[in-house]
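Structure first, then comments.
We name chains A, B, ... by the order of the sequence lines, and we start the count at 1 in each one.
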Amino acid sequence: MPRRDPAIPDDAASRIAAWQRRAGRHGLPWQHTRDPYRVWLSEIMLQQTQATTVVPYYERFLTLFPTVVDLADAPQDAVLRAWAGLGYYARARNLHRCAQALRDEHGGRFPATAADLAQLPGIGPSTAAAVAAFAYGERAPILDGNVRRVLARYFAIEGDPATARTARRLWSHARALVDAAPADLDMAAYTQGQMDLGATVCTRTRPDCARCPLSPDCRARIEGRQGELPTPRARRAQPLRHCWMLIAECEGRVLLERRPDTGIWGGLWALPQFEDEAALEAVCAGLAAAGPPLSLASIEHVFTHFRLRIQPLWLRIPDDAPTPAEANQAWVGIGNLADHGMPAPVARLLDGLYDGTPLPR
DNA sequence: GAGTCGTGGTC
DNA sequence: TGACCAAGACT
């Protein structure tokens, strides 16, 4: 039995739950269900992703894969195609692996506790707790970006949020807040309430303390330190990397290449990519084009830890020329490009080149 | 335990 | 407009 922290008011969690029922968010499509499949799917998509971005993907997934077994039975390529554009593609690969594990080792059903959920691929401690709280009412604390901000202010917890030390403190307080609450705490409303508070009231800039149920005993508010908590994460300068991408076109088809499962854009279809122009031109030499590739306008894509400047080169190949392909490559009709899950900048590149524009002949 | 992994919204 | 970061997990 965890020790109750006397410094934590026993009604703090209940205030959050009551506030959620009265003033929290209620219209999101994954709310008001206890179906663990829907809860799990939404929680995976919502990792590091804002709710409004997730909505259309979530609904499309439920149409394509109505049950977890449908998802498990689908080819990985179909799952990645449906995920394309949402980012962090390891989530999609782990989602698929998790569905297969549930089908093959759990009779197609979800484990009934957060501890068992956390053993599955792609389900970490926070996602496991969220699924258990929403689907089963388990008293398991979550710790996502919203909760980190709310707790860092309420308890005045300092420290770089990226360090394990700060994470341990935050988890400890998240657990203590639940443990201090009465037995009848509405876990679904409480869990949702913490996230809603962080998303709509206890925002990064200009928190609206007048509308916050934690305001009376919030240490950051009492000490006037809302602006300096949570401690902003130390950030390094983002290096700028360059790459070249080949748009080889022949008879209305484009050469795509499936990326390896590990690394950036793992498992997605993309354009053949090169670290320098010479490597790209060496490949062009083997493609029997009539002339040299044509430079298109370069684009810049921003990742979390670097920026990538992409120089696309367009190579037209005569109709009667051979079009060799490696095992991980395919010549894809321009009308069928959308059938292939592609990274956002590659999709934008090809859209700009081909969307509605008849091919010059 | 720090680095890696996307994309888009917000101010 | 560029910094900041969002319902984090994995290695």
Side-chain angles (χ1 to χ4, degrees), chain A residues 20 24-25 28-31 38-58 80 83-95 97-98 117-134 141-150 160-168 170-171 174 188 191-200 202-206 230-241 259-268 270 300-308 341-348:
Chain A
Q20 201 288 325
R25 295 178 291 186
L28 297 166
W30 46 83
Q31 293 183 296
R38 294 180 178 232
V39 175
W40 165 71
L41 177 62
S42 70
E43 290 300 330
I44 300 297
M45 289 185 163
L46 286 160
Q47 289 169 3
Q48 298 288 283
T49 310
Q50 294 188 349
T52 52
T53 304
V54 165
V55 170
Y57 286 89
Y58 174 78
L80 279 171
W83 196 279
L86 200 51
Y88 283 140
Y89 298 97
R91 291 185 297 171
R93 299 192 301 273
N94 287 332
L95 185 85
R97 285 175 51 213
C98 183
L117 285 163
Q119 301 304 309
L120 291 161
I123 303 184
S126 189
T127 299
V131 174
F134 286 127
I142 61 167
L143 187 63
D144 56 29
N146 286 314
V147 180
R148 263 197 297 279
R149 186 167 52 256
V150 171
D160 184 340
T163 66
R165 172 184 168 82
T166 306
R168 272 196 306 275
L170 289 164
W171 270 113
T191 303
Q192 185 69 49
Q194 292 176 91
M195 297 190 285
D196 290 355
L197 261 187
T200 68
C202 193
T203 49
R204 188 169 63 84
T205 58
R206 298 165 48 93
T231 307
R233 70 181 67 233
R235 200 170 288 274
R236 299 172 304 170
Q238 294 183 350
L240 176 62
R241 303 183 190 171
R259 299 178 64 92
D261 268 350
T262 55
I264 206 95
W265 298 328
L268 268 67
E300 190 171 304
H301 191 69
V302 179
F303 292 90
T304 304
H305 50 297
F306 65 94
R307 297 178 299 148
L308 183 65
M342 293 186 289
V346 176
R348 268 200 302 276

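- A:W83 comes within 4.0 angstrom of no nucleic acid atom, judged by non-hydrogen atoms across all strands.
- As rounded to whole Å, 12 Å separates atom P of C:dC10 from atom CG of A:L95.
- Between A:Y58 and A:W30, the two ring planes are perpendicular [angle over 60°; tilted spans 30° to 60°].
- For the C1' atoms, the distance from B:dG8 to C:dT1 is 15 Å, rounded to whole Å.
- Here the CD1-OH distance, from A:I264 to A:Y89, works out to 9.5 Å after rounding to the nearest 0.5 Å.
- Ranked by how close their nearest DNA chain C nucleotide is to the 5' end, A:L46 and A:A118 are led by A:L46.
- Residue contacts shown for A:R93 are absent, as no nucleic acid heavy atom lies under 4.0 Å away.
- Distance A:L86 CG to C:dA6 P: 16 Å, rounded to the nearest Å.
- Protein atom CD of A:Q194 is 15 Å distant from nucleotide atom P of C:dA6, rounded to whole Å.
- The interatomic distance linking A:W40 (CH2) with C:dG8 (C1') rounds to 16 Å, in whole Å.
- Residue contacts shown for A:I44 are absent, as no nucleic acid heavy atom lies under 4.0 Å away.
- The closest donor-acceptor contact from the side chain of A:S42 to the backbone of A:V39 lies under 3.5 Å.
- Here C:dG8 presents its P atom at 17 Å from CG of A:L117, a figure rounded to the nearest Å.
- Atom CZ in A:R165 sits 11.5 Å away from atom CG in A:L170 (nearest 0.5 Å).
- Of the two residues near DNA chain B, A:R165 and A:A90, the one whose nearest nucleotide lies more 5' is A:R165.
- A donor-acceptor pair under 3.5 Å is formed between the side chain of A:Q31 and the backbone N or O of A:R25.
- For the P atoms, the distance from C:dA7 to B:dC11 is 13 Å, rounded to whole Å.
- With values rounded to the nearest 0.5 angstrom, A:T304 atom OG1 is found 8.0 Å from A:Q238 atom CD.
- At a threshold of 4.0 angstrom between heavy atoms, the contacts of A:A344 are confined to the sugar-phosphate backbone, with no base atom among them.
- Between A:R91 atom CZ and C:dG8 atom P the separation is 9 Å, expressed in whole Å.
- A donor-acceptor pair is defined here as one N or O able to donate and one able to accept, closer than 3.5 Å; such a pair exists between the side chain of A:S126 and the backbone of A:L143.
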Query raised in the report: Between A:W83 and A:R93, is a side-chain contact (heavy atoms from CB on, under 4.5 Å) present by the stated rule, with each step listed?
Result: CA-CA 10 Å; A:W83 196 279; A:R93 299 192 301 273; over 6 Å; no
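- Rounded to whole angstrom, the span from the CD atom of A:Q47 across to the P atom of C:dC10 amounts to 8 Å.
- A:G198 comes within 4.0 angstrom of nothing in the nucleic acid, heavy atoms only.
- For A:Q48, no side-chain nitrogen or oxygen approaches OP1 or OP2 of C:dA6 to under 4.0 Å.
- Partners of A:R241 by side-chain hydrogen bond (donor to acceptor under 3.5 Å, both in side chains), not counting sequence neighbours: none found.
- At a threshold of 4.0 angstrom between heavy atoms, the contacts of A:T127 are confined to the sugar-phosphate backbone, with no base atom among them.
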Query raised in the report: Is there a side-chain contact (heavy atoms from CB on, under 4.5 Å) between A:Q47 and A:Y88 once you walk through the steps?
Result: CA-CA 9 Å; A:Q47 289 169 3; A:Y88 283 140; over 6 Å; no
Distances under 3.5 Å between protein N/O atoms and the N/O atoms of nucleotides 2-5 of chain C, please, pair by pair.
| from | atom 1 | to | atom 2 | distance (Å) |
| --- | --- | --- | --- | --- |
| C:dC5 | OP2 | A:R235 | NH2 | 3.1 |

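- In summary, contact between chain A and DNA chain B, defined as any nucleotide atom under 4.0 Å from a heavy atom of the protein, begins and ends at B:dG1 to B:dG9 in the 5' to 3' direction.
- Among the atoms of the strands shown, base atoms are found under 4.0 Å from some heavy atom of A:L28.
- Across C:dA6 and B:dG6, the matching C1' atoms stand 12 Å from one another, rounded to whole Å.
- If you check every strand for non-hydrogen atoms under 4.0 Å, A:R25 touches a base.
- Mapping A:A162 and A:T53 onto DNA chain B via the closest heavy atom, the residue that lands nearer the 5' end is A:A162.
- Taking the C1' atoms as reference points, B:dG1 lies 16 Å from C:dG8, given to the whole Å.
- For an aromatic pair to be called close, the ring centres must be under 6.0 Å apart, and A:H305 with A:F303 fails this.
- Taking atom CG of residue A:D144 and atom C1' of nucleotide C:dA7, one finds them 5 Å apart after rounding to whole Å.
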